There are 2 protein chains.
Amino acid sequence: MTATASKHDVFQAVADPTRRQLLKLLSDQEMPVTVLSSHFPMSRTAVSKHLRILSEAGLVKERKVGRETRYRLDPGPLQELKDWYSYFERFWENKMAALQHFVESDGSERFPAPLTLVEKEKEQD
Amino acid sequence: MTATASKHDVFQAVADPTRRQLLKLLSDQEMPVTVLSSHFPMSRTAVSKHLRILSEAGLVKERKVGRETRYRLDPGPLQELKDWYSYFERFWENKMAALQHFVESDGSERFPAPLTLVEKEKEQD
DNA sequence: ATTATACGAAACCTTTTGGTTTCATGTCAA
DNA sequence: TTGACATGAAACCAAAAGGTTTCGTATAAT
């Protein structure tokens, strides 16, 4: 459901610093390509391609106004990022406990197949 | 401070689906490379390289135990992800309001330099 | 009508990425 | 001590990413 993934997923879209900055710029208000590209050291065409990737990830919407194309932010798909992150929040909380466990236990005889480890494990961490 | 960015930043590390899955696998407990790689259709060496990238982003820690190297999750750097997207949460909330504004105003005479737009803007969105 | 602006598409190039196979080394088991 | 296991490093490769320049087309301004 929600079918966010078309060609570019949010994680990949957001991986590039230029695209992250584009999103920030657009969070204020909609802007045409030329204005956006004036904030970057690269060509307008390059920025345009970044915008396309953001668009494919659903993070921006476009509308034509006269001869310009204005882009605006759609933060919706960022929810996926949030959801993913939230899975790890519990480990963030348990970080100390986990470390504790990690030091105390020998961690062996828990792995599936190719492990024969029933050794003493000279700890060296 | 905190100097999270070494060579690979978190955004890039997390952009790859294989690496995201690795993090999930490691959230349970520490695991050696061979065990981890058994969950993927690629070679052990490939997984090993993914682990290196995660390590450079600070997302996993390693320790040698006998002849194996065990990796475990360090969710710490994920905070950066959270900080980033939380910036957009207010826009997420205000989405309707923003849209409203977007429809009502003509959006012109706000852009810096190269805009002469003082036209009526035949809305077509 | 003519010129300038805004933009995307196309072709092209270089670097990075994600993978593979092979090899060397260290550690464990018999 | 001999052989199997675990792993990283190296060399290599194809495809994707991130850019650039050039071009065509639509819209606006004069």
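Note that these values count all heavy atoms, side chains included, but never hydrogens, waters or copies made by symmetry. Residue numbers begin at 1 in each chain, while the letters A, B, ... track the order of the sequences. Treat the numbers as computed from the prediction; the structure is a model and nothing was measured.
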Nucleotides 13-20 of chain C: which of its N/O atoms have a protein N/O under 3.5 Å away?
unit_1: C:dT17; atom_1: OP1; unit_2: B:Gln12; atom_2: NE2; d: 2.2
unit_1: C:dG18; atom_1: OP1; unit_2: B:Asp16; atom_2: OD2; d: 3.3
unit_1: C:dG18; atom_1: OP2; unit_2: B:Arg19; atom_2: NH1; d: 3.1
unit_1: C:dG19; atom_1: OP2; unit_2: B:His50; atom_2: NE2; d: 2.4
unit_1: C:dG19; atom_1: N7; unit_2: B:Lys49; atom_2: NZ; d: 3.0
unit_1: C:dG19; atom_1: O6; unit_2: B:Lys49; atom_2: NZ; d: 2.5
unit_1: C:dT20; atom_1: OP1; unit_2: B:Ser43; atom_2: N; d: 3.4
unit_1: C:dT20; atom_1: OP2; unit_2: B:Ser43; atom_2: N; d: 2.8
unit_1: C:dT20; atom_1: OP2; unit_2: B:Ser43; atom_2: OG; d: 2.6

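The CD atom of A:Glu56 sits 10 Å away from the P atom of D:dA17 (whole-angstrom rounding). As a whole-Å value, the separation of A:Arg52 CZ from D:dG19 P is 16 Å. Separating the CD atom of B:Glu68 from the P atom of D:dC5 is a distance of 14 Å, rounded to the nearest angstrom. Residue A:Leu36 contributes atom CG, which lies 13 Å from atom P of C:dA6 at whole-angstrom precision. One can place CG of A:Asp9 at 14 Å from C1' of D:dA16, the figure rounded to the nearest angstrom. To the nearest angstrom, P of C:dA6 lies 14 Å from NZ of A:Lys64. What separates CZ of A:Arg67 from P of C:dA4 is a distance of 12 Å, to the nearest Å.
Within the 4.0 angstrom heavy-atom criterion, only backbone atoms of the sugar-phosphate kind lie near B:Tyr71; the bases stay farther away.
Put simply, CG on A:Leu26 and CZ on A:Arg19 are 13.5 Å apart, with the number rounded to the nearest 0.5 Å. Between B:Tyr85 atom OH and A:Gln79 atom CD the span is 8.0 Å, to the nearest 0.5 Å.
For A:Thr69, no side-chain nitrogen or oxygen approaches OP1 or OP2 of C:dA6 to under 4.0 Å.
By the ring pair (Phe, Tyr, Trp, His ring centres under 6.0 Å) test, A:Phe11 is found to be paired with A:Trp84, residues two or more places apart in sequence or in another chain being considered. Partners of B:Tyr87 according to the ring pair (Phe, Tyr, Trp, His ring centres under 6.0 Å) rule, which considers only residues two or more places apart in sequence or in another chain, are B:Phe91.
Here the rule is side-chain contact (heavy atoms from CB on, under 4.5 Å) with B:Val60, and of B:Leu23, B:Leu22, B:Asp74 only B:Leu23 fits it.
Listed for the A:Arg20 side chain is a donor-acceptor partner under 3.5 Å among the backbone atoms of A:Val14.
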